[in-house]
Number of protein chains: 2
Amino acid sequence: MTDAVDPPKARRPNTRLEEVARAAGVSKSTVSRVINGEPYVSSRAREAVHQAIGRLGYSPNQAARTLAGSRANCIAMVVSEHGSRVLNDPFFAGVLRGVHAELAGKRVQLVLMMSKEGDEQDLVNYLCGGHVDGVLVISLHGQDPLPRTLADAGLPTVVCGRPLGAGGVPYVDSDNFNGAMEAARYLVSLGRKRISTIAGPRDMAVGMDRLSGWKRGLSQARFDTDLVAYSDYTPESGAAAMADLLKRAPDLDAVFVGADIMALGALQTLHAHGKKVPEDVAVVGFDDLMIASTAVPPLTTIRQDVEQLGRTMTWRLMAELAGEENLPPFLLLPTSMVTRSSA
Amino acid sequence: MTDAVDPPKARRPNTRLEEVARAAGVSKSTVSRVINGEPYVSSRAREAVHQAIGRLGYSPNQAARTLAGSRANCIAMVVSEHGSRVLNDPFFAGVLRGVHAELAGKRVQLVLMMSKEGDEQDLVNYLCGGHVDGVLVISLHGQDPLPRTLADAGLPTVVCGRPLGAGGVPYVDSDNFNGAMEAARYLVSLGRKRISTIAGPRDMAVGMDRLSGWKRGLSQARFDTDLVAYSDYTPESGAAAMADLLKRAPDLDAVFVGADIMALGALQTLHAHGKKVPEDVAVVGFDDLMIASTAVPPLTTIRQDVEQLGRTMTWRLMAELAGEENLPPFLLLPTSMVTRSSA
DNA sequence: CTGAAAGCGCTTACAG
DNA sequence: CTGAAAGCGCTTACAG
């Protein structure tokens with residue numbers, strides 16, 4: 001074994017700024033300026049640098065940039081599971097797709113973090129430690145203090161979905177209220193008389209906003225709004241809520257379900273009780289997941305554009321980081337009704 | 001405006017290693033050692049440092065660590081959409097959950113990147129530029145050259161799902177072959193005589209492995225394996241494939257569908273053709289998505305543990321980064337059958 | 001428009 | 001077991 005005699009590994013794997021400078025015949029400063037798109041660089045120098053970069057396959061060392069500069073060139077997306085509610089898959093993936101689409105071409109990395117109840121302090125230390133320029137938070141629990149904490153620490157933050165406990169923190173949400181109101185009105189227009197709803201949990205704004213919209217739609221038409229059951233975004237609890245409603249009002253002829261995933265369960269219960277959809281009971285969901293179209297019967301639902309939610313959050317955050325002023329404190333994305341067979 | 005007169009913003013927002021050292025009464029070196037869990041630190045010093053860190057809420061500057069050390073303390077998860085096939089949501093979210101679970105407590109960040117056809121060069125430059133210690137790739141297309149490229153560049157890489165075009169790159173996958181074989185055998189054991197299958201696309205190993213397993217299961221029982229239709233992981237194409245099979249063999253009495261999402265479409269077609277499930281046609285899916293249990297009828301399926309896939313990939317990668325040797329070149333996770341009403 | 005020099009906050013031999 | 005010093009690869013005033 002002569003390992004100990006090996007020459008010290010000349011670890012210098014990557015092209016460095018200095019080599020680009022040499023190749024282009026300019027100083028490091030100039031290369032840096034070109035990379036950062038600063039003005040006051042002669043087009044001659046600029047071109048030489050671009051060529052050298054291309055030829056050498058140079059990729060700037062982000063750690064060095066972050067350390068030297070003031071920006072991290074990095075934003076975090078934190079999924080806060082405060083209360084350990086399980087992540088809603090299609091929603092999360094859709095938002096993420098939007099975030100990425102909006103980030104495309106910008107030289108900003110996305111780091112993903114999840115917080116569970118208890119390890120919040122570490123997370124906050126990290127986020128506020130200058131490692132990221134801003135954060136996108138997807139909080140699954142309305143009262144989550146995280147957005148407030150981050151915003152108070154001066155970190156640009158945008159929340160997905162109206163936060164219940166973080167007044168003043170910018171957020172982006174679907175227009176749940178108007179979407180739900182449209183659903184209620186549609187059911188009224190269909191001639192339904194006894195219209196119920198299955199609402200999401202009371203501690204999340206999304207559930208409350210959809211419930212409020214439904215109530216508003218019905219009360220404007222002078223209908224009762226007493227047939228409300230709560231559920232928690234699983235097919236199983238949707239099924240249970242439907243059973244509850246049916247027990248309380250065997251004559252109900254319509255139900256607005258505040259999420260497609262719960263509507264799937266409701267459909268099962270209706271089927272089990274011998275109720276035909278839509279003949280006996282009309283069903284309208286919310287979200288328009290991929291599976292809405294293959295439900296039996298295919299589900300009429302209020303579509304929200306989840307990817308657009310991600311794009312818009314990202315746009316709002318990047319605008320703030322770019323120093324734009326007077327940005328809107330919140331943004332509501334319109335929903336649209338998709339009519340299929342269930343109502 | 002007297003802005004110009006303002007004192008230069010004393011931007012020194014975060015506690016630095018040096019302050020911790022001072023507070024603990026030791027040198028920076030010692031603090032560094034404690035943070036990195038190195039041996040040869042007196043327990044006295046170690047304790048003082050921990051106390052100081054806690055008191056000051058210190059969070060090490062990652063950029064500085066990366067720049068000074070050799071590790072980035074960061075791994076990338078890249079979703080390669082080579083060919084722009086859409087991201088399969090529940091799968092992706094499940095894997096991600098697993099990755100995070102496995103990373104919990106380790107001081108490693110996860111950065112997420114998506115590659116589209118065309119921007120691969122940038123991605124490769126970035127990844128090979130020392131910004132990450134290793135990469136987890138979820139490739140949606142079997143022939144994707146990315147894993148090979150990364151591995152060849154010496155970057156520790158683990159692929160999710162058997163890669164078709166990247167022999168030699170470590171991967172983790174569900175045991176699709178045996179899962180599908182179990183499905184085929186089960187249908188045989190049910191007394192079905194004419195057993196068909198809807199397979200995924202031919203350019204993805206997952207589709208091919210499930211098809212092979214089905215074939216093996218049938219041919220062992222001396223059944224024909226001619227009734228194969230291909231589909232592409234959407235309910236719509238699953239519905240079309242089922243219609244095709246029904247046209248070719250009106251007497252078929254069973255179908256193994258290589259993905260629940262396609263099974264949903266198949267169920268629709270069967271329903272439209274007046275076939276009762278399972279009486280006329282038994283249906284077995286694969287994946288066990290949340291929606292399998294709310295299909296009509298509830299779907300018998302082969303369960304794969306997607307979160308475990310994420311955990312295992314991460315474990316494999318971290319083990320390699322830790323310098324472990326003779327690690328398995330691939331890991332196959334067992335599947336299990338979940339019996340519901342459809343077969 | 002351009003370059004030389006300091007400094008960002010750590011880790012890592014090296015010397016004790 | 002511990003500390004002083006060099007250096008990681010950039011950006012940013014500063015001086016021209």
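Protein chains get the first letters and strands the later ones, always in sequence-line order, with residue 1 at the start of each. None of the values given here were measured: they were computed from a predicted structure.
If you check every strand for non-hydrogen atoms under 4.0 Å, S29(A) touches a base. Among the atoms of the strands shown, none is found under 4.0 Å from any heavy atom of A63(A).
Put simply, CG on L17(B) is 14 Å from C1' on dA4(D), counting in whole angstrom units. Taking atom CG of L67(B) as the reference point, atom C1' of dA6(D) lies 13 Å away to the nearest angstrom. Here dC1(D) presents its P atom at 12 Å from CD of E38(B), a figure rounded to the nearest Å. Atoms CD (E18(B)) and C1' (dA5(D)) sit 13 Å apart, rounded to a whole Å. Following rounding to the nearest Å, E19(B) (CD) and dC8(C) (C1') show an atom-to-atom distance of 14 Å. Nucleotide dA13(D) holds its C1' atom 15 Å from the NZ atom of K28(A), rounded to whole Å. As rounded to whole Å, 11 Å separates atom C1' of dT11(D) from atom CD1 of I35(A). Whole-Å rounding puts the Q62(B) CD to dC10(C) C1' distance at 10 Å.
Between Y40(B) and A68(B), the residue anchored closer to the 5' end of DNA chain D is Y40(B), taking for each the nucleotide with the nearest heavy atom. Comparing N61(B) and R33(B) by the nucleotide of DNA chain C whose heavy atom lies nearest to each, the residue mapping closer to the 5' end is N61(B).
Between K28(B) and E18(B) there is no salt bridge, since no side-chain N of the basic residue sits under 4.0 Å from a carboxylate O of the acidic one. Using a cutoff of 4.0 Å between basic side-chain nitrogens and carboxylate oxygens, R22(B) and E19(B) are not scored as salt-bridged.
Look at dG16(C): its Watson-Crick or wobble partner, with both distances under 3.5 angstrom, is dC1(D).
Of the listed residues (V137(B), T314(B), V111(B), L96(B)), just one forms a side chain to side chain contact (heavy atoms under 4.5 Å, CB included) with M77(B), and that residue is L96(B).
Not one N or O on the side chain of N73(A) forms a donor-acceptor pair closer than 3.5 Å with the backbone of V108(A).
Regarding contacts with the backbone of dT12(C), every side-chain N or O of S32(B) stays at 4.0 angstrom or more from both OP1 and OP2. Side-chain nitrogen and oxygen atoms of Y58(B) include at least one within less than 4.0 Å of the OP1 or OP2 phosphate oxygen of dC10(C).
A donor-acceptor contact under 3.5 Å is not formed by the side chain of S27(B) with the base of dA4(D).
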Checking side-chain hydrogen bond (donor to acceptor under 3.5 Å, both in side chains) for the pair R65(A)/N36(A): CA distance, chi angles, key distance, verdict? CA-CA 10 Å; R65(A) 300 185 79 185; N36(A) 293 296; 2.5 Å; yes
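Counting only heavy atoms from C-beta on, V26(A) has its side chain closest to dG3(C) among dT11(C), dT12(D), dG3(C). The side chain of S42(A) approaches dT2(C) more closely than any other nucleotide in the set dT2(C), dG3(D), dT2(D).
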